[in-house]
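This report refers to the structure that appears directly beneath it.
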Amino acid sequence: MSLNMGDRKHKKLKLESAEEIAEEAERETLRKHHDETQQLNFHDDGEFGNITRHQSTTKQANNLEDGKTNPFSGNEFSVGYFDILKTRRNLPVHQQRDEFLKVFQKNQIMVFVGETGSGKTTQIPQFVLFDDLPHLQGTQVACTQPRRVAAMSVAARVADEMDVKLGEEVGYNIRFDNKTSNKTILKYLTDGMLLKEAMDDHLLSRYSVIILDEAHERTLATDVLMGLLKRLVAKRKDLKIIIMSATLEAKKFQSYFNDAPLITVPGRTHPVEIYYTPEYQKDYLDAAIRTVLQIHATEDEGDILLFLTGEEEIEDAVKKIQLENDQLMREGQSGDIKVHPLYGSLPPYQQQKIFEPAPPNVNGRISRKCIVSTNIAETSLTIDGVVYVIDPGFSKQKVYNPRIRVESLLVSPISKASAQQRAGRAGRTKPGKCFRLYTEEAFKKELIDQSYPEILRSNLSNTVLELKKLGIDDLVHFDFMDPPAPETMMRALEELNYLNCLSDEGELTSLGRLTSNFPLDPMLAVLLIGSVAFNCSNEILTIVSLLSVPNIFVRPIQNRKLADEIKMSFAHKDGDHLTLLNVYYEFIENGEDAKWCRENFLNYRSLVSAKNVRNQLKSIMEKHEVRLCSNNFNDRSYWDNIRKALVAGFFMQVAKKKSGANKNNYLTIKDNQDVLIHPSSVLTFENEWVIYNEFVLTSKNYIRTVTNIKPEWLIELAPKYYNLDHFQKGDVKLSLERIHKSVRG
DNA sequence: GAGCACTGC
């Protein structure tokens with residue numbers, strides 16, 4: 001008996017290239033492997049009769065799950081398996097297994113809304129496996145996650161539930177770590193990773209079902225994937241899509257996917273009482289601290305979670321709360337409280353401290369812990385035991401200004417959805433309370449329903465390049481769920497054109513195609529590829545890697561002066577990019593030693609991560625035959641070549657010192673923004689022309705990571721961009737004209 | 001003369 005399912009997709013596939021044919025052959029081998037090793041388990045028990053499109057029922061699936069042998073691996077079930085099975089059957093989502101299957105079987109696309117605790121992320125993919133039988137088709141089921149840790153930990157959990165070894169039938173694929181094999185039928189992966197796969201295989205042909213989880217988070221990758229999948233379902237009738245989301249934005253997903261059907265599953269959390277302040281709080285930080293102390297003094301047992309916006313604010317609040325309560329405790333007026341900060345740049349061992357138990361009660365009063373956190377505790381990290389949440393209603397959010405091409409972080413009011421998510425953090429272990437430091441009126445009238453999706457707040461040059469590589473020619477009419485501003489699109493197209501990644505007609509160039517293989521901003525990828533011409537791709541590879549990780553320089557408050565001095569010992573006179581290179585050399589020279597990093601006020605984790613990135617980029621270079629090369633270190637032109645290579649990449653990010661101005665007052669080229677060189681720069685004497693890595697809007701307009709260059713290089717290396725006909729009259733144009741003349745003369 | 005919400009490839 002044969003189900004012949006493998007043929008179903010095979011016929012539909014139009015093979016277009018040698019690469020695809022080779023891939024298809026590989027899949028064929030896989031299918032055979034599956035047929036030989038696994039088909040028996042399903043067929044022997046006769047559950048799946050002679051049908052062309054298998055349609056399972058909960059009863060069938062239950063029987064298989066309750067059986068002796070694992071239908072997917074062929075192994076006998078372990079004892080532990082049945083224990084886990086019991087808890088799984090208790091999850092809310094299990095109640096609706098039949099309902100889910102009916103909708104899934106009848107539709108190509110469906111929307112599944114499950115609140116936290118419903119079990120959707122772990123169970124729905126397994127329900128799908130019993131219906132879709134990917135192991136018999138030689139296909140895979142994909143489930144995307146916005147974050148790496150989620151993909152890893154959920155995969156591990158599901159492998160346990162299915163009683164298989166992680167990396168075999170169930171695996172995950174994230175950057176730097178691919179735990180899948182030719183046995184893998186269920187794969188958890190980051191949304192960015194699936195997008196990357198789509199760039200090489202536009203039909204995503206290895207998948208029979210794609211589940212987009214946490215779609216409500218609307219990451220850039222999720223949004224692009226949704227647009228892509230919407231097109232793909234027309235070409236691949238055998239592909240099924242499930243959009244999973246946690247909030248009530250479900251209607252928007254439904255209508256976007258041509259009125260796809262919806263299933264809603266309740267979550268399993270405890271009720272959370274919401275309190276509002278009677279009036280507007282001018283100083284939310286002060287109000288938050290008072291609220292913490294009041295809860296601590298008057299409420300029942302349970303930990304406190306306070307949301308603030310950033311590192312500095314958090315450290316400040318932690319100190320104040322701890323100080324004030326210590327005083328109260330000495331006076332016998334309150335129990336002990338342990339206050340923990342929590343934010344992304346905190347080293348992991350310090351992040352772990354939030355899980356330490358609360359201190360013992362004193363003064364016959366309740367003691368507890370209080371976590372003061374950024375948004376990281378809203379989605380990425382959950383802390384059990386939290387009963388009280390304090391929500392001042394703000395977070396730092398990325399905004400993009402396409403006019404001056406600058407992304408910046410701004411403290412802004414959160415959305416209703418965020419407020420709801422924050423409140424939910426109080427009800428994970430028992431009924432909780434959420435104190436919102438704004439009025440109910442403000443919540444209803446001033447907070448927007450949903451935060452703006454990332455695609456509306458970002459520079460899109462990378463996304464546009466990806467879409468081009470994905471074969472989308474008509475970007476203007478690409479069906480985004482929320483189309484980005486035309487100006488943002490134009491800016492991206494323009495930038496890619498200047499980088500020679502897109503032709504004047506908007507076609508992907510060979511450089512553009514090469515560039516899209518690198519997990520980098522297009523500008524950095526072009527810089528890297530272009531550095532071969534200056535015989536310094538090894539050096540630029542290091543610099544680019546260091547630019548793609550968090551800041552490597554550490555500057556503790558109590559040791560600022562010493563940290564600055566040590567940083568200057570690494571300094572190169574021509575600027576920060578070359579200084580980064582010096583630091584990396586010495587890091588390697590000193591055996592990549594954590595202690596050496598501490599002594600030199602360098603962030604060890606960042607440097608290790610830069611090394612990882614460097615290795616990944618290096619292997620991509622090797623794969624695409626981008627030569628790795630260096631000039632002789634003792635050559636007089638060694639450093640100049642690196643600076644020239646930098647100019648060839650950063651020619652759009654140049655600033656010129658304002659004539660007659662104080663030192664450090666610069667004007668950006670073309671956009672004419674007044675900027676200052678960031679005080680962290682190693683540049684000590686005045687340089688007329690500089691390139692910069694980023695433009696940051698904080699207390700002032702700063703350019704950060706800056707290198708001194710010669711203006712004639714601009715004209716030599718980026719003639720198209722430095723065509724003076726396109727420049728506004730003024731200081732910059734005048735100087736460039738002078739240089740033009742001297743270059744010619 | 002000063003800052004880094006959070007992700008992802």
Side-chain angles (χ1 to χ4, degrees), chain A residues 144-151 173-178 189-200 214 217-225 307-315 342-346 373-381 394-399 407-412 414 418 421 451 453-454 457-458 462-463 465-466 469 515-522 524-525 548-557 560-561 563-564 567 603 606 609 612-613 616-617 620 662-664 676-684 694 696-705:
Chain A
T144 68
Q145 297 294 318
R147 282 167 292 279
R148 287 187 214 157
V149 266
N173 191 7
I174 60 176
R175 186 183 187 181
F176 304 126
D177 195 5
N178 182 0
L189 73 176
T190 48
D191 47 15
M193 199 48 133
L194 186 62
L195 197 56
K196 206 82 190 163
E197 285 183 8
M199 287 168 52
D200 294 324
E214 315 288 358
E217 287 195 26
R218 303 290 307 276
T219 66
L220 244 171
T222 297
D223 270 22
V224 174
L225 279 171
F307 285 101
L308 292 177
T309 63
E311 175 175 343
E312 206 177 303
E313 196 179 76
I314 286 169
E315 293 290 358
L342 177 64
Y343 44 86
S345 55
L346 210 60
S373 171
T374 60
N375 259 0
I376 195 168
E378 198 179 297
T379 47
S380 310
L381 261 168
F394 293 96
S395 71
K396 275 192 192 172
Q397 287 164 33
K398 188 170 74 181
V399 285
E407 283 181 348
S408 50
L409 285 172
L410 217 65
V411 174
S412 332
I414 61 169
S418 271
Q421 176 77 13
S451 320
E454 206 184 350
R457 298 182 285 122
S458 310
N462 203 13
T463 304
L465 186 68
E466 276 169 3
K469 181 73 196 299
T515 297
S516 69
N517 291 301
F518 288 88
L520 291 169
D521 269 352
L524 291 182
S548 8
V549 299
N551 191 3
I552 59 166
F553 296 104
V554 181
R555 201 163 176 262
I557 307 160
R560 281 185 182 167
K561 219 176 146 225
D564 289 350
K567 180 174 180 178
N603 186 332
S606 282
S609 134
N612 275 331
V613 172
Q616 189 194 22
L617 296 176
I620 296 171
N662 294 327
K663 67 171 182 179
N664 277 358
L676 296 169
I677 292 186
H678 197 274
S680 65
S681 176
V682 300
L683 283 183
T684 46
E694 57 182 348
V696 286
L697 279 167
T698 50
S699 53
K700 296 187 182 108
N701 287 352
Y702 287 111
I703 49 176
R704 199 157 52 187
T705 314

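Every chain is numbered from 1, with letters handed out A, B, ... down the list of sequences. These numbers were taken from a predicted model, which means no experiment stands behind them.
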Exercise for the section: Select base, sugar-phosphate, or nothing to describe what A:Q397 touches, counting heavy atoms under 4.0 Å on all strands. Expected result: nothing
Exercise for the section: Pick base, sugar-phosphate or nothing for A:I174, based on heavy-atom distances below 4.0 Å to the nucleic acid. Expected result: sugar-phosphate
Completion exercise
Sorted by chain and residue number, the side-chain hydrogen bond (donor to acceptor under 3.5 Å, both in side chains) partners of A:R457 (sequence neighbours excluded) come out as none
Exercise for the section: Give A:R218 one of three labels, base, sugar-phosphate or nothing, depending on what nucleic acid heavy atoms sit under 4.0 Å from its own. Expected result: nothing
Problem - Whichever of A:R175 and A:E312 has its nearest DNA chain B nucleotide further upstream toward 5' - result: A:E312
Practice task
Identify whether any heavy atom of A:N551 sits under 4.0 Å from a base atom; if not, whether one sits that close to sugar-phosphate; answer base, sugar-phosphate or nothing.
Solution key: base
Exercise for the section: Give A:R147 one of three labels, base, sugar-phosphate or nothing, depending on what nucleic acid heavy atoms sit under 4.0 Å from its own. Expected result: sugar-phosphate
Practice task
Taking ring pair (Phe, Tyr, Trp, His ring centres under 6.0 Å) as the test, write out the residues that go with A:Y702, two or more places apart.
Solution key: A:H678
Practice task
Using a 4.0 Å heavy-atom cut-off across all strands, classify A:K700 as base, sugar-phosphate, or nothing.
Solution key: sugar-phosphate
Problem - Sugar-phosphate, base or nothing in reach of A:S395, heavy atoms under 4.0 Å - result: nothing
Practice task
Just call it for A:R148: base, sugar-phosphate, or nothing, with non-hydrogen atoms closer than 4.0 Å on any strand.
Solution key: sugar-phosphate
Fill in the blank from the handout: In A:D191, A:T379, A:D223, A:T222, the residue satisfying side chain to side chain contact (heavy atoms under 4.5 Å, CB included) with A:E217 is A:T379
Exercise for the section: Taking ring pair (Phe, Tyr, Trp, His ring centres under 6.0 Å) as the test, write out the residues that go with A:F553, two or more places apart. Expected result: none
Exercise for the section: Remember a base hit wins even if backbone is also touched, and classify A:T190 as base, sugar-phosphate or nothing at under 4.0 Å, heavy atoms. Expected result: sugar-phosphate
Practice task
Could you pull out all residues at least two apart from A:L410 that satisfy side chain to side chain contact (heavy atoms under 4.5 Å, CB included)?
Solution key: A:V399, A:S412
Fill in the blank from the handout: Assert: residue with more 5' nearest nucleotide on DNA chain B, out of A:M193 and A:V554, is A:V554
Practice task
Please identify each residue that fulfils side chain to side chain contact (heavy atoms under 4.5 Å, CB included) with A:S609, with sequence neighbours left out.
Solution key: A:V549
Fill in the blank from the handout: The first and last nucleotides of DNA chain B lying within contact of chain A, meaning any atom under 4.0 Å from one of its heavy atoms, run from B:dG1 to B:dC9
Practice task
Determine the contact category for A:D564: base if any of its heavy atoms lies under 4.0 Å from a base atom, sugar-phosphate if only primed atoms, P, OP1 or OP2 are that close, otherwise nothing.
Solution key: base
Exercise for the section: Identify whether any heavy atom of A:I376 sits under 4.0 Å from a base atom; if not, whether one sits that close to sugar-phosphate; answer base, sugar-phosphate or nothing. Expected result: sugar-phosphate
Practice task
Could you tell me whether the side chain of A:K396 and the main chain of A:T374 form a donor-acceptor pair under 3.5 Å?
Solution key: no
